[in-house]
Colleague: 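I am attaching a structure below and will ask some questions about it afterwards.
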There are 2 protein chains.
Amino acid sequence: MFQLGISVNCAVYAYDGESHKVLLIRRKRAPFENAWALPGKLIAPNDDLDATVARIIKASTGIKDEDIFYSRQIRAFVDTDRHPFGRVVSIAYICLVRYTEFEPQDSDLFSMPKWFAEDKIPKLVFDHDDIIVSSKRRLVDSLRTKPIVFQLLNKEFSLPELQSVYESILDTELDKRNFRRKLRDMPFIEDTGFLQKVHQYRPARLYKYNHETFRAMKAKGYVFSL
Amino acid sequence: MFQLGISVNCAVYAYDGESHKVLLIRRKRAPFENAWALPGKLIAPNDDLDATVARIIKASTGIKDEDIFYSRQIRAFVDTDRHPFGRVVSIAYICLVRYTEFEPQDSDLFSMPKWFAEDKIPKLVFDHDDIIVSSKRRLVDSLRTKPIVFQLLNKEFSLPELQSVYESILDTELDKRNFRRKLRDMPFIEDTGFLQKVHQYRPARLYKYNHETFRAMKAKGYVFSL
DNA sequence: ACAAAAGTGTTGACATTACACCCATGC
DNA sequence: GCATGGGTGTAATGTCAACACTTTTGT
């Protein structure tokens, strides 16, 4: 055993109604104080990973309820020369949050947390650029193979919103009729009967995701695929 | 920063002609000396992850050439109470090797390295059971979505062998005609013109995998899927 | 000639794509 | 009534699953 540190870094994604965004902060400490980085912190001696992730999300977005976001480990980034102070292992996480429920704000850990569109991401410290690349790949993959879009939308959402998220993240245009048919035919996507009024035009129907139904189907061999 | 260790553990898979096997060793050190475990070691201060993985494979199988196996990180396993000596982070890897090119043997690090069928795996130390579960899931997933079976077979292989590997790992029976058609139609699987003579019956045609062809197709948008 | 494993095609069901117009709402 | 975004069906094509017999080889 020798001296080193373990940090957890989170690639936090949200969808603001236009496109997907990732949350970046400015560092409050050396090295590279004030540089743009992924929100992260060293793991405390008795904290586990999930607690550390929750702490990071809480600090960067001010959210109270820690249990309402999705997070999965991507992998560990280890490189003898990635950190000037010595070896630091970074365990990277991807987190999905609902834009409207999280409000980036300064904290003891970070300053200036801000949402960035994918093509506006500045140069980041350490190897955080690599982590962003891996997390985006994972995001695309997860979106295609798991019902996790719902983590980015309000509990009640419209099909146009759903399609817009997919188009933004997968970076393709999708056929409206085919997309809608496919999604509507999934039994775990339920019509709430309510309408959405966000503009002066025709309101969209609101749907909600029923996780129990999905779980039951999955247990019987169903595989989600967009 | 505080005192801890980083270990690398490898789930090493091979196919022996019958079914897929995973390599386990007996520990040479405390704690739990002599218990069955995944081959692994603490990372040395100036080694990177790939070098550590290579060292582990070399020690457990005696292979000389370190560059002929496939390895990918699964994820980091971190748990404050996973190791009795204090916090140890285990970074887990999945490795695929060719059975005939690797010969398990005792070394300075491990004793009694041995191939185990999936249903014969003994109780392992620490959380290595969890690592095995994750690595198997990853193996199945990778087999379905990437052309990596070839890492388990000789450079020249027959279609019956190929099918057998898939059947063993996916734990299903596959239709011979459908399987063969699908694989033979992949342009990166090339007929060598040679025949295999392993028994007294009709010999099978030998094929080989052309990675360059696959890469070119992938660059043009092709996605592998079994 | 026989035992064992290698090899080969067709059909029906299902899923995916392509494509253009009407509808509901607020101003 | 008009501007804007929400909503709908069908036909053609491609993909996947089911299925049984012939060929080659060594003994």
Side-chain angles (χ1 to χ4, degrees), chain A residues 15-19 143-145 147 149 153-154 156-168 170 172-187 189-208 217 220-226, chain B residues 15-19 143-145 149 153-154 156-168 170-187 189-208 217 220-226:
Chain A
Y15 172 75
D16 66 2
E18 282 291 321
S19 66
L143 215 59
R144 285 191 198 278
T145 59
V149 214
L153 293 167
N154 293 330
E156 305 205 335
F157 54 84
S158 67
L159 295 182
E161 283 175 319
L162 204 51
Q163 183 173 351
S164 169
V165 180
Y166 270 105
E167 290 185 335
S168 173
L170 303 182
T172 45
E173 299 214 340
L174 299 170
D175 182 274
K176 185 165 54 156
R177 279 180 287 195
N178 295 337
F179 179 85
R180 294 170 65 89
R181 182 177 33 254
K182 187 159 183 176
L183 278 282
R184 281 201 64 168
D185 287 353
M186 296 177 176
I189 294 184
E190 301 174 350
D191 189 337
T192 64
F194 293 105
L195 298 176
Q196 191 181 43
K197 288 171 203 155
V198 291
H199 48 50
Q200 66 174 124
Y201 311 114
R202 179 176 178 174
R205 267 200 142 63
L206 287 168
Y207 295 83
K208 64 173 190 247
M217 289 175 64
K220 283 179 189 134
Y222 167 80
V223 293
F224 179 92
S225 149
L226 183 84
Chain B
Y15 172 75
D16 67 2
E18 281 292 321
S19 67
L143 215 59
R144 284 191 198 277
T145 59
V149 215
L153 293 167
N154 293 330
E156 305 204 336
F157 54 85
S158 68
L159 295 183
E161 283 175 318
L162 204 51
Q163 183 174 353
S164 168
V165 180
Y166 269 104
E167 290 185 334
S168 172
L170 303 182
D171 193 28
T172 44
E173 300 214 338
L174 299 170
D175 181 274
K176 184 163 57 155
R177 280 179 285 195
N178 294 337
F179 180 86
R180 294 170 65 89
R181 181 180 31 256
K182 189 159 184 177
L183 278 282
R184 281 200 63 166
D185 287 353
M186 296 178 176
I189 294 183
E190 301 175 351
D191 189 338
T192 64
F194 293 104
L195 297 177
Q196 191 182 41
K197 287 172 203 157
V198 290
H199 48 54
Q200 66 174 120
Y201 310 113
R202 179 175 179 175
R205 268 201 141 61
L206 286 168
Y207 293 83
K208 65 174 191 247
M217 288 175 65
K220 282 178 189 134
Y222 168 79
V223 292
F224 179 92
S225 151
L226 183 83

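The chains referred to below are lettered A, B, ... by the order of the sequence lines, with proteins before strands, and numbering in each begins at 1.
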Colleague: List in chain and number order the residues that pass side-chain hydrogen bond (donor to acceptor under 3.5 Å, both in side chains) with B:Glu190, two or more places apart in sequence or in another chain; answer none if no residue qualifies.
Modeller: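 For B:Glu190, the residues satisfying side-chain hydrogen bond (donor to acceptor under 3.5 Å, both in side chains) (neighbours in sequence not counted) are B:Asn210.
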Colleague: Between A:Asn178 and B:Ser225, just flag the one whose closest nucleotide in DNA chain D comes earlier from the 5' side.
Modeller: A:Asn178
Colleague: Can you name the one residue among A:Arg181, A:Lys182, A:Lys176 that meets side-chain hydrogen bond (donor to acceptor under 3.5 Å, both in side chains) with A:Asn178?
Modeller: A:Arg181
Colleague: Run the side-chain hydrogen bond (donor to acceptor under 3.5 Å, both in side chains) test against B:Glu161 and tell me which residues pass, sequence neighbours left out.
Modeller: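 Listed in chain order: B:Ser158, B:Gln196.
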Colleague: Taking side-chain hydrogen bond (donor to acceptor under 3.5 Å, both in side chains) as the test, write out the residues that go with B:Arg184, two or more places apart.
Modeller: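 Result, side-chain hydrogen bond (donor to acceptor under 3.5 Å, both in side chains) vs B:Arg184: B:Tyr207.
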Colleague: Please name all residues satisfying side-chain hydrogen bond (donor to acceptor under 3.5 Å, both in side chains) with B:Arg180, sequence neighbours left out, ordered by chain then number.
Modeller: none
Colleague: Please list residues of residues 180-187 of chain A whose heavy atoms come under 4.0 Å from any atom in DNA chain D, ordered by number; otherwise none.
Modeller: A:Arg180, A:Arg181, A:Arg184
Colleague: Which of these nucleotides, D:dG7, C:dA6, C:dC19, is closest to any side-chain atom of B:Arg202?
Modeller: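 Selected nucleotide: C:dA6.
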Colleague: For the side chain of B:Arg177, starting at C-beta, report the closest nucleotide among D:dT24, D:dT4, D:dA20.
Modeller: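 Of D:dT24, D:dT4, D:dA20, D:dA20 is nearest to the side chain of B:Arg177.
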Colleague: Using a cut-off of strictly less than 4.0 Å between a heavy atom of the residue and any atom of DNA chain D, enumerate the qualifying residues of residues 189-200 of chain B by number.
Modeller: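 Those residues whose heavy atoms fall under 4.0 Å from DNA chain D, taken from residues 189-200 of chain B in numerical order, are B:Gln200.
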Colleague: Check the angle between the aromatic planes of B:Tyr201 and B:His199 and answer parallel, tilted or perpendicular using the 30° and 60° thresholds.
Modeller: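 Tilted: the ring planes of B:Tyr201 and B:His199 meet at 30° to 60°.
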Colleague: Out of D:dA18, D:dG7, C:dG7, which nucleotide sits closest to the side chain of A:Ala204?
Modeller: D:dG7
Colleague: Hey, does B:Arg144 have a side-chain heavy atom less than 4.5 Å from the side chain of B:Leu170?
Modeller: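 Yes, their side chains come closer than 4.5 Å.
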